[in-house]
Structure formats: C-alpha cells, structure tokens
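Written out below as structure tokens is the structure these notes cover.
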Amino acid sequence: MTDSRIAGNVARQLNELPPGSAVSLQMSVDNYLDVMSGVIDLYAGKRDMDTIYVTATISFEAIKRVMQALEIDTSRVYFVDCISHIMMGTAAAQKDEHASLVESPTMLENVMLKVEYLLRRSQSKEKLVVIDSINSLAIHNNSWILSEFLHILVSGLRVKEARTIILSVEEHSTPEIANMVNLVCDSGIRAAKEE
Amino acid sequence: MPPRTGDRDRCVTGIDGLDTILYGGIPRDNTVLLTGSCGTGKTSLALEYLIHGAVSGENSLFISVTENSEKLLMNIIPYKFFDRELIKSGRLVFVDMPAMYERLGMTKAELSMEEIDLLVAAIGSLVKELGIRRMVMDSITSVCYKLKTPEKIRDFILKLSKTLSDLNCTSILVSEVAAQSSAYSTFGVEEAISDGIVLMANMERRGDLLRTLQVIKMRGTMHSRAKYVLDLTPVGVLLVPLLKGGSAGT
Ligand SMILES: Nc1ncnc2c1ncn2[C@@H]1O[C@H](COP(=O)(O)OP(=O)(O)OP(=O)(O)O)[C@@H](O)[C@H]1O
Ligand SMILES: [Mg+2]
C-alpha cells in the first residue's frame with residue numbers, strides 16, 4: 001500500500017507554499033499512490049480546498065476508484081478528463097457532476113476553459129489545480145504548444161491565487177520537459193522518503 | 001481590469017474575457033457587428049451582454065427577428081446570473097420584430113425608403129421610452145433581406161446607428177455569414193459602416209473543432225486582434241487565448 005512517510009513529506013512541503021504558487025512535483029511511477037494521498041488527502045483535504053484534477057494519464061473514473069480504495073474523500077475533487085474520450089469514444093464515461101470531459105489532450109485550450117469554469121463554480125477559499133501529468137500531455141502535444149499552455153494556465157491561476165501542482169514522472173521525463181516545467185514553477189518537490 | 005485607453009467611457013460587457021480583449025469594454029454608444037456562421041454562439045453572447053447590463057442597472061433591449069423570444073428565454077434561464085426579476089422589473093425587455101412590422105403595417109416583402117425611416121424611428125422611440133442603454137438586434141441579416149439593395153441596407157444601418165448612438169445606447173447587431181465566407185457580413189455593407197466587428201467562428205485544427213472569437217475592429221479603443229477560444233457554459237461565455245504552438249497555429 002502507500003508509504004505514509006512519502007505522503008506526509010509531500011504534504012508538509014506543500015503546506016509551506018503561499019497562494020498563487022506553482023510547484024513541480026517529481027515522482028517515480030512507484031510513488032504515484034503516495035503522492036496522490038499526500039496531495040489530495042493530507043494536503044488539500046486537510047485545508048478544505050477544492051481540487052481541480054486534470055488527468056491526461058488514466059480516466060477520472062479509474063483515479064476516483066484509486067482514491068476511494070485509499071479511503072480519500074473525493075467530494076471536493078473535480079476532474080478535467082482529457083483521456084476518456086479518445087480511449088473510449090463518445091460513449092465514454094457516464095455523466096458525473098464532478099467531471100468535465102475534454103475530447104482530446106490536444107485540445108489544451110479546452111482544458112484551460114474547463115479549469116476556468118470549475119474555478120468559477122468553486123466556493124472554497126483556497127483552490128488547487130493538479131496537472132497529471134506533464135509527461136502524458138507531452139505524448140500528445142509538441143513542446144512549443146505545451147510550453148505556451150503552461151505559461152498561460154499558470155499565470156492565469158497565479159492571478160486568481162490558486163495553487164498549481166504539475167506532476168512529472170521521472171521514468172518518462174526528458175531534460176526538455178523538465179526545463180519547460182521549471183520555467184513556470186517557483187519551486188520543486190521530489191517525492192521520496194528523505195529530503 | 002486592464003488600464004483604459006483613450007477617453008471614451010466604456011460599456012462593460014460583463015464577459016470578462018471580452019472586456020479584457022477590449023481594454024475595458026465597448027466604447028459607449030458604439031454599434032458593433034457581432035458576426036459569424038450558424039451555431040457559433042452569437043445569440044448566447046449577445047444575451048449575456050444584455051443580462052450583465054440589466055443586472056448592473058442598465059435597461060437592456062433584445063429585438064428578436066428570427067427567433068421567438070419565449071424560446072430564447074428558455075436558453076437563458078439556466079444561467080447562474082439570470083434572474084426572472086430582471087424581466088418583471090423591465091430591466092430586460094424582449095421585442096419580436098415581426099410584431100413590430102405588423103404594428104407598423106409593413107406587410108410587403110421589401111421595405112421602401114419611407115418604411116426604413118419609420119422603422120428606425122419606431123426603434124428609436126422604444127429605446128427612448130424605455131430608457132434603454134444596451135440593445136441587441138438578432139439578426140440584422142434577416143432585416144437586410146427585407147431591404148434587398150445595398151443602398152437601402154446602408155441607409156438603414158447608418159440611420160439606426162446614429163439614432164441609437166444619439167440616445168446613448170450601446171448596441172450589438174448580430175450578423176449571419178456562411179461558414180466558408182471570407183467577408184464579415186452577408187451583404188458586404190454592414191461591416192463597413194459599423195463601429196466594431198466581433199467575429200465568431202468554428203476552427204479546425206488537426207482534427208479538433210474549436211469555437212473562436214476575434215475582435216476585428218473597434219472604434220474608440222485599442223484591442224487585441226488575437227484569436228480566442230470560447231466555451232459556452234452555465235456561468236456564461238469563457239474565453240482563453242488560442243495557442244499558437246510555434247508554427248502550428250493558423
Ligand atoms: N450556456 C450554454 N451551455 C452550453 N451550450 C450552449 C450554451 N448556450 C448555447 N449553447 C449551444 O451552442 C449552440 C450555439 O449557440 P447560439 O444559438 O448562441 O449560436 P448562434 O451563433 O446564435 O447560432 P444561430 O446562427 O443558429 O443563430 C446552441 O445550439 C447550444 O446548443
Ligand atoms: Mg442565433
């Protein structure tokens with residue numbers, strides 16, 4: 001199951017971030033569940049923050065199941081799912097009040113629009129946007145457009161004082177991707193047992 | 001809010017993205033052509049402009065030429081910022097153009113020059129009587145079909161704009177164009193004489209279909225000329241810049 005030390009470590013570092021900050025969160029494939037538990041449960045959950053979770057990796061339904069298996073409260077998590085449509089066609093996921101589907105991970109403008117929509121509807125004082133993950137988005141988009149997307153998204157979120165977490169998977173990363181993320185982030189966290 | 005440019009007072013549309021593009025809003029008393037092919041969101045955007053106006057205390061008038069206003073109402077009820085009270089209190093008024101033609105006895109397929117003057121005067125007195133500050137006509141193209149010649153269309157739009165402007169009314173004229181058209185209006189006359197042009201379109205990019213909005217011209221202000229991608233949502237029209245992605249953009 002999850003390693004609570006890693007989850008705790010991630011949450012502790014996130015807790016130090018001021019509103020409007022953007023952080024790069026690097027992890028190994030093996031730490032995915034720890035990171036999820038650290039970010040969604042120990043961090044956002046404890047602070048009563050609405051989380052807007054952009055998934056380009058696995059469907060929102062699968063992530064929701066994982067969260068529920070980890071006994072994480074998902075009632076304040078809203079998904080922007082850019083992968084269900086291309087994986088399952090139009091018959092994709094059933095209607096869910098907590099999920100907005102984007103037809104394809106190449107429609108980055110629509111990702112921004114859904115994030116904007118969910119932010120406007122959110123009633124919570126603090127808001128968190130999670131991008132899962134930059135590597136999945138990089139499979140579908142060239143680095144020019146992806147970089148432009150990150151810049152516009154993150155600067156918009158800063159103005160609204162929402163926090164952004166950009167996940168990257170070490171095994172799938174390249175120097176180019178790391179560079180792109182570092183350009184828009186104020187700080188970096190590495191999910192590991194030790195600092 | 002971005003800094004204002006120029007001296008003109010602004011009519012804040014209430015659509016955040018659009019006000020940003022226009023450096024604060026439409027210069028007051030302008031007549032703006034809102035143009036695009038079918039289903040691009042013209043009516044939704046125009047209605048939202050009026051609702052925000054009504055909410056902020058400006059009397060707003062929707063002159064419906066093509067659709068029955070009862071039907072239009074069904075589309076705006078889901079909006080979070082819409083309140084039926086706006087209609088009851090007379091802040092937001094719907095008028096059907098066919099009823100107006102009938103009241104003025106304009107039964108023929110083509111309007112004469114005299115009838116054009118009569119129609120403009122009728123709209124003018126309505127705007128004056130009700131103290132209207134924002135008006136939408138949806139669509140001007142349908143009215144133009146009753147005018148037929150470019151001269152009459154020019155005459156009608158010029159007189160209408162002048163009348164509305166003199167009454168301190170900031171107006172949006174909705175215009176319909178064919179999807180593949182490179183012109184901003186069906187008759188080619190409308191675009192030249194309006195104070196502003198906002199173009200809504202569908203754009204295909206590598207197989208994805210996007211709704212876009214672009215301000216082509218706007219007298220009395222600086223504005224962005226970039227394309228924006230738009231979404232119609234229960235919280236209204238949302239806009240984000242179209243990503244260029246190096247050379248991939250069109
Ligand atoms: N608030 C909304 N949320 C989701 N979809 C919407 C919303 N408002 C409108 N739409 C959809 O967008 C479509 C186009 O909207 P709209 O009628 O505003 O376009 P239009 O340019 O006026 O079209 P037409 O040329 O037919 O008059 C509608 O058919 C409707 O399905
Ligand atoms: Mg319409």
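By convention in this document, chain letters (A, B, ...) are assigned in the order of the sequence lines, proteins followed by strands, and residues within each chain are numbered from 1. Heavy atoms only: backbone and side chains are in, while hydrogens, waters and symmetry mates are out.
- With a 4.5 Å cut-off on non-hydrogen atoms, Leu113(A) touches chain B through its backbone and its side chain both.
- Here the closest heavy-atom approach between residue Thr106(A) and residue Arg205(B) is recorded as O-NH2, 3.5 Å.
- The local environment of CZ in Arg225(B) is sparse, with at most 12 non-hydrogen atoms from other residues, nucleotides or ligands closer than 6.0 Å.
- One distance of note links CG of Asp231(B) with NZ of Lys114(A); it measures 4.5 Å at 0.5 Å rounding.
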Below 3.5 Å, can you tabulate the donor-acceptor pairs from side chains in residues 47-56 of chain B to any protein atom, sequence neighbours excluded?
residue  : atom : partner   : partner atom : Å
Glu48(B) : OE1  : Val237(B) : N            : 2.6
Glu48(B) : OE2  : His52(B)  : NE2          : 2.9
Tyr49(B) : OH   : Thr170(B) : O            : 2.8
His52(B) : NE2  : Gly14(B)  : O            : 3.3
Ser56(B) : OG   : His52(B)  : O            : 3.2
Ser56(B) : OG   : Gly53(B)  : O            : 3.0

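- In terms of heavy-atom pairs under 4.5 angstrom with chain A, the leader among Leu239(B), Val240(B), Leu230(B), Thr233(B) is Val240(B).
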Give every donor-acceptor pair under 3.5 Å between a side-chain atom in residues 18-30 of chain A and any protein atom, sequence neighbours left out.
residue  : atom : partner   : partner atom : Å
Ser21(A) : OG   : Pro18(A)  : O            : 2.6
Ser28(A) : OG   : Asp30(A)  : N            : 3.2
Ser28(A) : OG   : Glu171(A) : OE2          : 3.0

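- For the pair Glu109(A) and Lys227(B), the salt-bridge criterion is not met [side-chain N within less than 4.0 Å of a carboxylate O].
- Few gaps surround CD on Glu85(B); more than 12 heavy atoms of other groups in view lie less than 6.0 Å from it.
- Panel note: side chain Glu148(A), backbone Lys244(B); a donor-acceptor pair is recorded below 3.5 Å.
- Chosen from Leu210(B), Val235(B), Leu238(B), the residue pairing most often with chain A at heavy-atom distances under 4.5 Å is Leu238(B).
- Residues passing the side chain to side chain donor-acceptor pair (under 3.5 Å) test with Asn179(A), sequence neighbours excluded: none.
- Looking only at side-chain heavy atoms (C-beta outward), Asn110(A) and Val229(B) come within less than 4.5 Å of each other.
- Enclosure of atom OH in Tyr184(B) is not indicated, since only 12 or fewer non-hydrogen atoms of other residues, nucleotides or ligands lie within 6.0 angstrom.
- Within a 6.0 Å radius of CD in Glu176(A), no more than 12 heavy atoms belonging to other residues, nucleotides or ligands are found.
- Contacts between residues 118-127 of chain A and chain B, defined by a heavy-atom separation under 4.5 Å, are made by Arg120(A), Arg121(A).
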